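A quick write-up on the structure given underneath.
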Amino acid sequence: MRTSSIRSQDDPLSLAIRPPPEESDTDRHIRLQHEAEARRISEQIDEELRFEREKLKKSKTDVKLLLLGQAESGKSTLQKQFQLMYSPASLESERMSWRTVVYFNVVRSIKKILTTLEAWDDIDDGTTPSIHSSQIGVALSPPSPTSPSSPTASSPTRGSTAISDLRRRLLPLTNTEPQLADRLSGGVSVSGSGKGEVYVRSGWQARTIQKALSVIDADPLVDDVARMLEQSREDIRTLWENQVVRALMTSRKLKLDEWSEFFLNDISRISARNYVPSTDDILHARIQTMGVAEHIFDVDIHGKTVTWHLFDVGGARGQRHSWVPYFDDANAIIFVSPISAFDQYLEEDPRTNRIDDSLQLFTQICSNQLLKRVHLVLFLNKTDILRKKLERGLSVSKYILSYGDRPNEYESVVQYFRAHFLQVHRRNNENRRVLYTHMTNVVDTKATQSIIGNVRDSIFRGYLQSAALV
């Protein structure tokens, strides 16, 4: 029996692709074009498959680091410190985009001061707000209009008249707050994320900076706010230094965000014409992350360059479901807990103390089966704010009953909180994983970058061990 070769005229494939006998020159030209296009597509597919194989091979050597913690814990500030350390050029390219955020932070602070003053009829009556009798935390609110201790609107003082004048003159500036919020967020709101918070998607800096740097398409809103800040500089300083404002802050009837004092103390510089945000401004500027933002850095570790994928995730309760897809192949987690927040409630749930929520969240991370072998680092953050609160005489036991009669001193308070987090870890540590704990103030660049260096080395050692390279 005759065996057909691959070149045999009887081969079905040869018969299928054989040009017809009556093929014209035009048909032949079209056929050859189609064959060339088919070869090009085939080669392109082969190249894409090769690229994907190389990408997959390389990704197995990358480090995937998650920044986890509740909203306003300092995760995004820590991400900026990583960026400043390993990709300073990218932070520099974003610098002008932060001007909008700083302006928004300043305007929101001024508006909050004026709103609180109005609730207290522009005076401090000397009363002390009552403490909510819960396990942890306190909610403060102004007295009702019928309260005996509440001043009446029919007896204005010279101070209240002066504040009314400031409120009137600052009204055009404070009216820009919702417009600035929309500029940053694109009108996006997040359900279950607290009252009045503004969230930005990944890449907001690039969108903002196009307007900030363009001469032709300058952002008229930001330019108007800059002009109003410059014109209102003295009024803002007068309001910030007002005795009633200071008294309301001392009695905790006025509770400003942590960054408010930083910006209002330096309002002369920030309100100057042609203001450019400093690195400290960028570290203190506050805007909440929506969803998950990935940042990629090439990190040199003892002569070896490793690509790190750092994921900064939204920490509000309504966004925590978005964390789970990133658990499967994570190499390391830095969990950030603000231990200065012992006197604060969640924006999303005014009944829940922030320390309590942070402990519950840390318990979920430690007990998650997908994360049992992940390198775990704990940042007990905002130690600088904790010190200031204790120095002002704020009593921890007043808000956290279990603190009891322990000394209301920094070392004692820090060790108390640290012990609680370590206890959570021990109870969920079947694999005897080491927990690396650091006391941090992530707006302090020098100290934070030293800690990042230590964390980098410890993560890399764990990474090598998991890859069976040591």
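It should be emphasised that the depicted structure is a prediction, and the values quoted were computed from it without experimental measurement. Nothing fancy with the numbering, it's 1 onward along the sequence.
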Open item on the list: With heavy-atom distances below 4.5 Å as the criterion, would you say the side chains of Ile339 and Phe379 are in contact?
Closed with: no
- [ ] Check for a donor-acceptor pair, side chain of Lys112 on one end and backbone N or O of Leu254 on the other, with a separation under 3.5 Å.
- [x] no
Open item on the list: Closer than 3.5 angstrom, by distance alone: can the side chain of Ser358 be matched with the main-chain N or O of Ile355 as a donor-acceptor pair?
Closed with: no
Task: Stepwise ring-ring contact (aromatic ring centres under 6.0 Å, His included) check, His420 with Tyr416 - done: CA-CA 7 Å; His420 275 70; Tyr416 175 79; 4.5 Å; yes
Task: Of all pairs that satisfy side chain to side chain donor-acceptor pair (under 3.5 Å), the ones with a partner from residues 259-270, not counting sequence neighbours - done: Ser109-Ser260, Arg237-Ser268, Trp240-Asn265, Asp266-Arg269, Arg269-Asp281
Task: Residue pair Phe362, Phe421: steps toward the ring-ring contact (aromatic ring centres under 6.0 Å, His included) verdict - done: CA-CA 8 Å; Phe362 189 61; Phe421 281 95; 5.5 Å; yes
Open item on the list: Keeping Asp357 on the side-chain end and Thr352 on the backbone end, is there a donor-acceptor pair under 3.5 Å?
Closed with: no
- [ ] Validate the cation-pi geometry between Lys389 and Phe342: distance from NZ or CZ to the six-membered ring centre under 6.0 Å, angle to the ring axis within 45°.
- [x] yes
- [ ] Take atom CZ of Arg227 as the centre, draw a 6.0 Å sphere, and report whether it contains more than 12 heavy atoms from other residues, nucleotides or ligands.
- [x] yes
- [ ] Taking only Lys NZ, Arg NE, NH1 and NH2, and the carboxylate oxygens of Asp or Glu, determine whether Asp235 and Arg169 approach each other closer than 4.0 Å.
- [x] yes
TODO: Please round to the nearest 0.5 Å and tell me the distance separating atom CD of Gln179 and atom CG of Asp224.
DONE: 8.5 Å
Task: side chain to side chain donor-acceptor pair (under 3.5 Å) partners of residues 435-446, not counting sequence neighbours, each pair once - done: Gln81-Thr445, Asn381-Thr440
Task: Arg95 (side chain) donor-acceptor with Pro277 (main chain) under 3.5 angstrom - done: yes
TODO: Would you confirm whether Asp312, through its side chain, and Ala293, through its main-chain N or O, come within 3.5 Å as a donor-acceptor pair?
DONE: no
Open item on the list: Would the distance check show the side chain of Ser87 and the main-chain N or O of Gln83 forming a donor-acceptor pair, the cut-off being under 3.5 Å?
Closed with: no
Task: N-O pairing of Arg354 and Asp343 below 4.0 Å - done: no
TODO: Compute both the distance and the angle, then confirm whether Arg406 meets the cation-pi test with Tyr403: under 6.0 Å from the six-membered ring centre, within 45 degrees of the axis.
DONE: yes
TODO: Please work out which of the three classes, parallel, tilted or perpendicular, describes the rings of Phe263 and His284, given edges at 30° and 60°.
DONE: perpendicular
Task: Cation-pi geometry met for Lys64 and Trp308 (6.0 Å, 45°) - done: no
Task: Under 3.5 Å donor-acceptor, Asn331 side chain and Leu65 backbone - done: no
TODO: Sequence neighbours left out, what passes salt bridge (charged side-chain N to carboxylate O under 4.0 Å, His left out) with Lys382? Give chain and number order.
DONE: Glu258
